[in-house]
Number of protein chains: 2
Amino acid sequence: MAAHTHHAHGDPAAWTDHAARTLAEHGTRSGGARRAVVATLADQDCCASAQEIHERLRAAGRPVGIASVYRSLDLLHGLGLVTRVETGDGVARYEPALPGGEHHHHLVCVRCGGVEAFEDDALERAIHAVGDRVDFDVTAHDVALRGRCRACRAA
Amino acid sequence: MAAHTHHAHGDPAAWTDHAARTLAEHGTRSGGARRAVVATLADQDCCASAQEIHERLRAAGRPVGIASVYRSLDLLHGLGLVTRVETGDGVARYEPALPGGEHHHHLVCVRCGGVEAFEDDALERAIHAVGDRVDFDVTAHDVALRGRCRACRAA
DNA sequence: GCACATTCTGATAACTGTTCTCATTCCCAT
DNA sequence: ATGGGAATGAGAACAGTTATCAGAATGTGC
Ligand SMILES: [Zn+2]
Ligand SMILES: [Zn+2]
Ligand SMILES: [Zn+2]
Ligand SMILES: [Zn+2]
């Protein structure tokens, strides 16, 4: 068994393979920039902004043009390989979308801007029920709970 | 009885009064620009962007500087008088926050960008239950269901 | 009503995240 | 190996939002 389980939301290698396969099926070529972005995403538990990914790649000695980061994220999002998360500060964040559909939602601290993940089956059922009842073909959903994290509550 | 009930989410005059009272309690002066923004918001069933409000005021013959619109919305949001809604297109939208706490959430069409409102008690209960169980002082929540509206499903 | 301190307002500059442009590089089927 | 086309990266362009600041409006104390 591995000494640590850093990734709470599934095996990153599995998502990487899934992403590579889906990209190949769509006839895209495998360029270095996009591969680097995919690798960085696979290493993320939760959401990261385009600029964070850009910075992380630069720090890792594999700089990628910011335009390529945005392009890659846009393509991956179009193929359903990443989820776009809006935390309310006007920047889009992205996290891997697992093929099985398992996912989490977010707690956003209004003071420090920190983001935590949570999962809740009852919430998912309630959302699904709404989707069934409305005159709308619902394919995705976002939930954000806002408030104060433990640290900011004390401060 | 009124011939039509245009406002699904409470009496606009009541919200206007509530807003005016809260603003007065906070020692703000009553300038014309902010009063106009409050009046426009009171006339909204659902969310509107700063630029939409700006345009609506201009069209109504009561032009207000865009900076004043943003400032007013920011102040109202800080006082809890409006809700900020993120529909995913990178534009912040605002709608009146009723003092009783009754509110709705949104269905966003990924094709045409249209927004519809819905309410669901079971969903609210599920969200409340999550807030009780997490280590986070939850004070607000956003839910957005994404998909295709009836018109765009046909097209 | 009048003077005054303060707030509000609006034009515009500045800023930030994102998208567009285009010349160059790279991938890969042939 | 080569040729056609997709991918890349630097920088310009863009959109929404925020900051700046001089002048107008507000309301309090007289
Ligand atoms: Zn996450
Ligand atoms: Zn969910
Ligand atoms: Zn609404
Ligand atoms: Zn709710």
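In what follows, chains carry the letters A, B, and so on, assigned in the order in which the sequence lines appear, proteins first and then strands, with residues in each chain numbered from 1. For clarity, every value in this text was computed on a predicted model and none was experimentally measured.
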Check your understanding: Relative to the 5' end of DNA chain C, which residue comes earlier, Ala33(B) or Thr28(A), by the nucleotide with the nearest heavy atom?
Key -> Ala33(B)
Revision key, fill the gap. When rounded to whole Å, the CD1 to P distance for the pair Ile66(A) and dA7(D) reads 18 Å
Practice item. Give Arg71(A) one of three labels, base, sugar-phosphate or nothing, depending on what nucleic acid heavy atoms sit under 4.0 Å from its own. Key: base
Exercise for review: Could you pick out which residue, Arg35(B) or Arg29(A), lies toward the 5' side of DNA chain D when each is mapped onto its nearest nucleotide?
Suggested key: Arg29(A)
Exercise for review: Examine dA15(D): is either OP1 or OP2 under 4.0 Å from a nitrogen or oxygen in the side chain of Gln51(B)? Give yes or no.
Suggested key: no
Practice item. For His54(A) and dT19(C), give me the distance from atom NE2 to atom C1', rounded to whole Å. Key: 15 Å
Check your understanding: With a non-hydrogen cut-off below 4.0 angstrom, is Arg93(B) in contact with a base, only sugar-phosphate, or nothing?
Key -> nothing
Review point. How about Glu124(A) and His105(A): does a side-chain donor come under 3.5 Å of a side-chain acceptor?
Key: yes
Study note, to complete from the structure: Here the distance between atom C1' of dT9(C) and atom CZ of Arg62(B), to the nearest Å, is 9 Å
Check your understanding: Contact class for Ala67(A) (heavy atom, under 4.0 Å): base, sugar-phosphate, or nothing?
Key -> base
Review point. How would you label the contact of Ser49(B) with the nucleic acid (heavy atoms, under 4.0 Å): base, sugar-phosphate, or nothing?
Key: nothing
Check your understanding: Between Tyr94(A) (OH) and dG17(C) (P), how many Å, whole number?
Key -> 13 Å
Review point. Looking for any heavy atom pair under 4.0 Å, which part of the strands does Gly32(A) touch: base, sugar-phosphate only, or nothing?
Key: sugar-phosphate
Point to revise | Rounded interatomic separation in angstrom, taking NE2 from His77(B) and C1' from dT18(D) | key: 16 Å
Review point. How close or far is atom P of dA6(D) from atom NE2 of His26(A), stated in whole angstroms?
Key: 16 Å
Study note, to complete from the structure: Closest to the side chain of Ser68(B), out of dT8(D), dG16(D), dG10(C), is dG10(C)
Review point. Using 30° and 60° as the class limits, which term best fits the ring planes of His141(A) and His103(A): parallel, tilted or perpendicular?
Key: perpendicular
What pairs of donor and acceptor atoms, side-chain ones from residues 147-155 of chain A against any protein atom, are under 3.5 angstrom apart with sequence neighbours left out?
{"residue": "Arg148(A)", "atom": "NH1", "partner": "Cys152(A)", "partner atom": "O", "Å": "3.1"}
{"residue": "Arg150(A)", "atom": "NE", "partner": "Asp135(B)", "partner atom": "OD2", "Å": "2.7"}
{"residue": "Arg150(A)", "atom": "NH2", "partner": "Asp135(B)", "partner atom": "OD2", "Å": "3.3"}
{"residue": "Arg153(A)", "atom": "NH2", "partner": "Asp135(B)", "partner atom": "OD1", "Å": "3.1"}

Check your understanding: Does Leu81(A) offer a backbone N or O that forms a donor-acceptor pair with the side chain of Trp15(A) under 3.5 Å?
Key -> yes
Study note, to complete from the structure: Testing dT19(C), dT9(C), dG16(D) for proximity to the side chain of Val91(B), the answer is dG16(D)
Check your understanding: To the nearest 0.5 Å, what is the distance between CG (Leu41(B)) and CD1 (Ile53(B))?
Key -> 4.5 Å
Review point. So does Tyr70(A) get a side-chain nitrogen or oxygen closer than 4.0 Å to the phosphate oxygens (OP1/OP2) of dT19(C)?
Key: no
**Study point:** Earlier contact from the 5' end, DNA chain D, for Arg84(B) and Gly31(B)
**Key:** Arg84(B)
Exercise for review: Using whole Å, report how far CG of Leu73(A) lies from C1' of dC20(C).
Suggested key: 17 Å
Exercise for review: Working to the nearest 0.5 Å, report the span between CG of Asp142(B) and CG of Leu145(A).
Suggested key: 9.0 Å
Check your understanding: In whole angstrom, what separates Asp74(B)'s CG from dG10(C)'s C1'?
Key -> 17 Å
Revision key, fill the gap. Among the nucleotides dT17(D), dG27(D), dG17(C), whichever has the atom closest to the side chain of Ser30(B) is dG27(D)
